[in-house]
**Q** 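The structure is given below, and queries will be raised subsequently.
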Amino acid sequence: MSNSISHGDPCALLTKRALLIINPVSGRRFVNRSVAKIVRRLMDEGYLVTTAITGAHGDATAFARELGPFDLIVCAGGDGTLHETVGGLLESGNSVPVGYIPCGSTNDFAVTHGLPVLIPEAIERAVIGSVRNFDVGRFGSSHFLNTAAFGAFSWMAYTTDQTRKNMLGLTAYVLDAAKELPRLKPRFMHVEVDGEVYEDDYLVGAVCNCTSVLGIVELPEGYADTCDGMLEVFLIRFPRNLAELESIVRSLVFGSFSSPMITLKKGRSITVSCDEPCIWSLDGESSGEITKAEISAVPGFLQMKI
């Protein structure tokens with residue numbers, strides 16, 4: 001920790017500028033009790049702090065885009081607040097270090113990247129942590145940090161009752177998935193990954209910049225690199241019978257991705273198109289209905305304090 005500014009001229013030691021973006025309604029609102037601690041810690045490290053409180057969707061994007069320049073941006077909120085903050089930096093073209101104090105309900109980004117989720121530890125990391133660069137996914141005029149996905153999600157393995165899993169093992173997953181199958185709609189998609197074409201009826205698809213698919217299925221160890229300028233493409237063909245469904249579930253449960261129903265690829269430039277409008281989820285937020293998605297990585301754009 002640097003010298004306290006409580007003696008002499010306090011302003012003389014504030015040689016850097018920091019923007020603190022706070023979402024006061026994130027998660028259980030624990031961050032509201034820590035605002036003074038965050039500001040004080042930043043001042044101890046020589047930052048003159050501008051504090052901006054979000055009040056509506058899009059505020060964090062506007063703050064990060066318009067209030068600069070800053071030497072550091074600290075985002076205190078959930079994944080949605082971080083998503084908006086990075087969006088503001090992308091729109092402005094400014095890549096500055098970002099400290100993240102995760103205060104949301106799930107904090108998927110923090111968990112994926114090994115960031116602390118306890119507020120006191122997160123404050124320290126956000127202020128004095130070392131900087132590591134991460135790719136950001138470009139999705140048309142929008143973006144994503146973890147995953148852009150389309151299709152069905154509700155039947156995936158995490159929804160299966162734990163007691164049934166203990167009793168039935170793989171069969172429990174297959175039975176739960178089979179119940180959902182009649183309600184699911186296949187989508188015919190044309191997918192290009194660096195010029196390689198895949199066309200089929202798909203149940204679900206995702207383009208990821210993380211070590212797991214949809215936050216629940218771990219990719220093979222060493223397969224994903226969040227700063228290699230490439231994205232992971234994951235596609236599941238629509239199962240027409242119980243055997244194909246079991247093949248999918250077995251592959252996912254055991255993390256082998258060996259089913260012929262599953263495609264797992266890496267690429268720099270991905271295009272996904274369909275005849276009917278399709279809603280994508282970008283880090284859990286709806287993209288609206290689109291028929292064609294142009295997806296690529298923005299290599300190393302996000303400078304994250306870790």
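Computation of the quantities below employed the complete heavy-atom set of this structure, encompassing side-chain atoms and omitting hydrogens, waters and symmetry-equivalent molecules.
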**Q** Check Glu192, Glu294, His190 against Thr271 for a side chain to side chain donor-acceptor pair (under 3.5 Å) and give me the one that passes.
**A**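 The single option meeting the side chain to side chain donor-acceptor pair (under 3.5 Å) with Thr271 is Glu294.
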**Q** Quick one: CZ on Arg237 to OH on Tyr198, what's the gap to the nearest 0.5 Å?
**A**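 One gets 13.0 Å once the value is rounded to the nearest 0.5 Å.
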**Q** Does Glu246 pair with Arg250 as a salt bridge, N-O distance under 4.0 Å?
**A**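 So Glu246 pairs with Arg250 through a salt bridge.
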**Q** Check Ser26 against Gly77 and note the closest heavy-atom contact, atom names and distance.
**A**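 It is OG-CA, 3.4 Å.
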**Q** Could you tell me whether Arg17 sits above the aromatic face of Phe70, with NZ or CZ closer than 6.0 angstrom to the six-membered ring centre and within 45 degrees of the axis?
**A**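 Yes, Arg17 lies over the aromatic ring of Phe70.
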**Q** In terms of hydrophobic clusters joined by side-chain contacts under 4.5 Å, are Ile53 and Val31 together?
**A**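 Linked, Ile53 and Val31 end up in one cluster.
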**Q** Restricting to non-hydrogen atoms, name the atom on Ala148 and the atom on Leu282 that form the minimum distance, rounded to 0.1 Å.
**A**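 It is CB-CD2, 3.5 Å.
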**Q** Salt bridge check, Lys266 against Asp228: does any charged N sit closer than 4.0 Å to a carboxylate O?
**A**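 Judged by the 4.0 Å cut-off on N to carboxylate O distance, Asp228 and Lys266 do form a salt bridge.
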**Q** To the nearest 0.5 Å, what is the distance between CD1 (Ile73) and CD (Gln303)?
**A**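 CD of Gln303 is found 10.5 Å from CD1 of Ile73.
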**Q** For the CZ atom of Phe63 and the CD1 atom of Ile22, what is their distance to the nearest 0.5 Å?
**A**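 Phe63 atom CZ to Ile22 atom CD1 measures 10.5 Å (nearest 0.5 Å).
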**Q** Taking the side chain as every heavy atom from C-beta outward, state whether Lys16 and Leu48 have any atom pair closer than 4.5 Å.
**A**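 The answer is no, as the side chains (C-beta and beyond) never meet within the 4.5 Å cut-off.
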**Q** Honestly curious: do Val191 and Phe150 fall in one hydrophobic cluster under the side-chain, below-4.5 Å linking rule?
**A**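 Same cluster.
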**Q** Working to the nearest 0.5 angstrom, can you tell me the gap between Cys210 SG and Asn146 CG?
**A**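 It comes to 5.0 Å.
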**Q** Is any side-chain heavy atom of Asp200 less than 4.5 Å from a side-chain heavy atom of Met189?
**A**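 No, too far: nothing below the 4.5 Å cut-off.
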**Q** So, do Leu14 and Tyr47 sit near enough that their side-chain heavy atoms are less than 4.5 Å apart?
**A**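 A side-chain contact is absent here, since even the closest heavy-atom pair is not under 4.5 Å.
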**Q** If we only count heavy atoms from C-beta on, is the Val98 to Val74 side-chain gap below 4.5 Å?
**A**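 They are not in contact (no side-chain heavy atoms under 4.5 Å apart), so the answer is no.
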**Q** Can you find a pair of side-chain heavy atoms, one from Arg41 and one from Glu124, that are under 4.5 Å apart?
**A**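 Side-chain contact under 4.5 Å: yes.
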**Q** If you look at every heavy atom in Thr85 and Ala60, which pair is closest and at what distance?
**A**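 Closest pair (atom of Thr85, atom of Ala60, distance): OG1-CB, 3.8 Å.
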**Q** Are the charged groups of Lys265 and Asp194 less than 4.0 angstrom apart, N to O?
**A**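 Not counted as a salt bridge, because no side-chain N and carboxylate O are separated by less than 4.0 Å.
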**Q** Quick one: pull up CD1 in Ile123 and OH in Tyr100 and give me the separation to the nearest 0.5 Å.
**A**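 Result: 14.0 Å between the selected atoms.
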**Q** Compare all side-chain heavy atoms of Ile101 with those of Ile38 and state whether any distance is below 4.5 angstrom.
**A**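 When only atoms from C-beta onward are counted, Ile38 and Ile101 do touch, with a gap below 4.5 Å.
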**Q** Which atom names give the shortest non-hydrogen contact between Leu219 and Ala224, and what distance separates them?
**A**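 Scanning both residues completely, I find the closest heavy atoms to be CD1-CB, 3.8 Å.
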**Q** May I ask you to decide if Phe109's main-chain N or O and Thr112's side chain share a donor-acceptor pair within less than 3.5 Å?
**A**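 No, Thr112 side chain to Phe109 backbone: no donor-acceptor pair under 3.5 Å.
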**Q** Is it the case that Asp59 and Thr54 place a side-chain donor and acceptor less than 3.5 Å from each other?
**A**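 Checked: Asp59/Thr54 side chains show no N/O donor-acceptor pair below 3.5 Å.
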**Q** State, with a plain yes or no, whether a side-chain heavy atom of Phe234 is found less than 4.5 Å away from one of Phe257.
**A**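 They are in contact (side-chain heavy atoms under 4.5 Å apart), so the answer is yes.
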**Q** Is it true that Leu231 and Ile290 fall in one hydrophobic cluster, defined by side-chain heavy atoms closer than 4.5 Å?
**A**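 Linked, Leu231 and Ile290 end up in one cluster.
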**Q** Shortest non-hydrogen contact from Lys305 to Gly99?
**A**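 For Lys305 and Gly99, the tightest heavy-atom pair comes out as CB-CA, 4.1 Å.
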**Q** Under 3.5 Å, is there a donor-acceptor pair linking the side chains of Ser251 and Ser259?
**A**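 No pair is found: no donor N or O on one side chain lies under 3.5 Å from an acceptor on the other.
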**Q** When you look at Cys103 and Ile119, which way does the side chain to side chain contact (heavy atoms under 4.5 Å, CB included) test go after all the steps?
**A** CA-CA 8 Å; Cys103 309; Ile119 289 181; 4.2 Å; yes
**Q** Give the intermediate values and the outcome of side chain to side chain contact (heavy atoms under 4.5 Å, CB included) for residues Val136 and Leu145.
**A** CA-CA 5 Å; Val136 174; Leu145 300 179; 4.2 Å; yes
**Q** Hydrophobic clustering (ILVMFWY, side-chain heavy atoms < 4.5 Å, transitive) - are Phe134 and Leu82 grouped together?
**A**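 Leu82 clusters together with Phe134.
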**Q** How many angstroms lie between CG in Leu42 and CG in Leu19, if you round to the nearest 0.5 Å?
**A**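 Leu42 atom CG to Leu19 atom CG measures 10.0 Å (nearest 0.5 Å).
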**Q** Is any side-chain heavy atom of Thr226 closer than 4.5 Å to one of His113?
**A**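 Yes, close enough: below the 4.5 Å cut-off.
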**Q** If hydrophobic clusters are built by linking Ile, Leu, Val, Met, Phe, Trp and Tyr wherever their side-chain heavy atoms come under 4.5 Å apart, do Leu20 and Phe30 end up in the same one?
**A**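 Result: yes, single cluster for both.
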